[in-house]
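Let me begin by presenting the structure, written as structure tokens, before commenting on it.
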Amino acid sequence: MRILLIGNGGREHAMAWKLAASTRCSALFIAPGNPGTARVGQNVAIAATDIPALVDFARRVAIDLTVVGPEQPLVLGVVDAFEAACLLIFGPSAAAAQLEGSKAFSKAFMVRHGIPTAAHRTFPAAAYDEALAYLQTADMPVVLKASGLAAGKGVVICETRSEAEAALRDIVQDHRFGDAGDEVVIEEFMQGEEASLFAVCDGDDYTLLATAQDHKRVGDGDTGLNTGGMGAYAPAPLVSPDLEARICREIVEPTLAGMKAEGAPFRGFLYVGLMIDARGARVVEYNCRLGDPEAQVLLPLLASDFLELALAGAQGRI
Ligand code: AMP
Ligand code: GLY
């Protein structure tokens, strides 16, 4: 099979390495790739978000399956564009990628389907005064989130009311995260320990990869601002087999059933960020892709054929 992988991170190096290891892979192209991916396949100078050029390339070189690394092309509708061109691709549609692309959507979705998560309120930028008033009564610490994509940096944890007011100003009035701050989610601070669970989904069914934990803070000794992840390890010892079964029942299965019922079945890698305490697990966020750097620790642990897994997902036969 001739494979196209979209992306250029460390995650895509791990994905390319694992795809190239499949006996079914006859050619592997990575757009745009990086020096790591060039060692296991052929880089193609097309940006991950240049959807028309990606479709054109896939047609021209007869790609059999495309796999998507990062969230931006998914949220922009790369899967919809490939499917409209009758090209096989593994990833969620733009509608399903809203689980990551809009925190306002994903929080409302969880409420609609009884999926455990922090209590929250969503405010459009126009409701700034209302959001400010809400902060006067909210318990501290409180968490403010730009609703749109912000590369893992759009979340501010505020210990005091004045920090929260400053963060609201930053997100909504000063556009620190650009359009991502057109809506702001204000939510309850959850205590606990974080872990991530990864499911490979075909719209109906799923299978699990390992769990992982990442190191979020920028500084040594867990200090400084949150990042998209400074490093990771897998599996996460925190997630026992019993807890994993509960997470599947209470979170993964209702998520897939809910997306399907809403007309946006989730096909692709579902990354569930979890906060775990003595009572169980709650969702911190969804991502619609593998994590970076989590993929770099998950994929070396995968004994089965990664290409076959992505193909089964794309063809609805997980
Ligand atoms: P998110 O982009 O929503 O995953 O948020 C990034 C990080 O901020 C999470 O991985 C957590 O470390 C932290 N965080 C987000 N929401 C909460 C919350 N409600 N309570 C505590 N920590 C949070
Ligand atoms: N490491 C966090 C993420 O990929 O979103």
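In each ligand, atom 1 is the first atom listed, and ligand 1 is the first ligand listed. Along the sequence shown, residues carry numbers from 1.
Counting atoms of ligand 1 from 1 in the listed order, those under 4.0 Å from a heavy atom of Phe189 are 20 (N), 21 (C). Within the listing of ligand 2, atoms 4 (O) sit less than 4.0 angstrom from a heavy atom of Gly291. Heavy-atom contacts of Met275 reach the following atoms of ligand 1: 21 (C), 22 (N) (cutoff under 4.0 Å). Residue-ligand proximity, Asp214 to ligand 2, at heavy-atom distances under 4.0 Å covers atoms 1 (N), 2 (C). Close contacts between ligand 1 and Lys216 involve ligand atoms 9 (C), 10 (O), 12 (O) [criterion: under 4.0 Å to a heavy atom]. Atoms of ligand 2 lying under 4.0 Å from at least one heavy atom of Arg289, given by number and element, are 3 (C), 4 (O), 5 (O). Annotation for ligand 1: atoms under 4.0 Å from non-hydrogen atoms of Met190 are 18 (C), 19 (N), 20 (N), 21 (C). Atoms of ligand 1 found under 4.0 Å from any heavy atom of Lys145, numbered from 1 in the order shown, are 3 (O), 15 (C), 16 (N).
Scanning Glu187, His120, Gln191 for the heavy atom closest to atom 17 (C) of ligand 1 points to Glu187. Residue nearest to atom 12 (O) of ligand 1, selected from Arg217, Glu100, Glu194: Glu194 (by heavy-atom distance).
The pair Asp174-Arg176 fails the salt-bridge criterion, with no side-chain N (NZ, NE, NH1 or NH2) lying under 4.0 Å from an Asp/Glu carboxylate O. In summary, Glu308 and Arg317 engage in a salt bridge, as defined by a charged side-chain N under 4.0 Å from a carboxylate O. One finds a salt bridge joining Arg267 and Glu83 here, because a Lys/Arg side-chain nitrogen approaches an Asp/Glu carboxylate oxygen to under 4.0 Å.
Ligand 2 is never approached by Ser196 to a heavy-atom distance shorter than 4.0 Å.
Of all the heavy atoms of Lys103, the ones lying under 4.0 Å from any atom of ligand 1 belong exclusively to the side chain. With a 4.0 Å heavy-atom cut-off, ligand 2 is reached by the side chain of Asn287 but not by its N, CA, C or O. When heavy-atom distances to ligand 2 are checked against a 4.0 Å cut-off, Lys216 has no atom that comes that close, whether in backbone or side chain.
Heavy-atom neighbours of Asp139 CG from other residues, nucleotides or ligands within 6.0 Å: at or below the threshold of 12. The environment of Arg279 atom CZ is sparse: at most 12 non-hydrogen atoms of other residues, nucleotides or ligands sit within 6.0 angstrom.
Remark: the backbone N or O of Asp222 is paired with a side-chain donor or acceptor of Arg217 at under 3.5 angstrom.
Using modelled atom types, one finds no donor on one side chain facing an acceptor on the other under 3.5 Å when comparing Gln98 with Glu262. For the residue pair Glu193 / Gln213, a side-chain donor-acceptor distance below 3.5 Å is found, with atom types taken as modelled. Ser147 and Asp182 form no side-chain donor-acceptor contact under 3.5 Å, judged by distance and modelled atom types alone.
Taking the ring axis of Tyr134 as reference, the NZ or CZ atom of Arg121 stays within 45° of it and closer than 6.0 Å to the ring centre.
Looking at Val155 next to ligand 1, no N or O pair under 3.5 Å apart turns up. Residue Glu294 has at least one N or O atom closer than 3.5 Å to an N or O atom of ligand 2.
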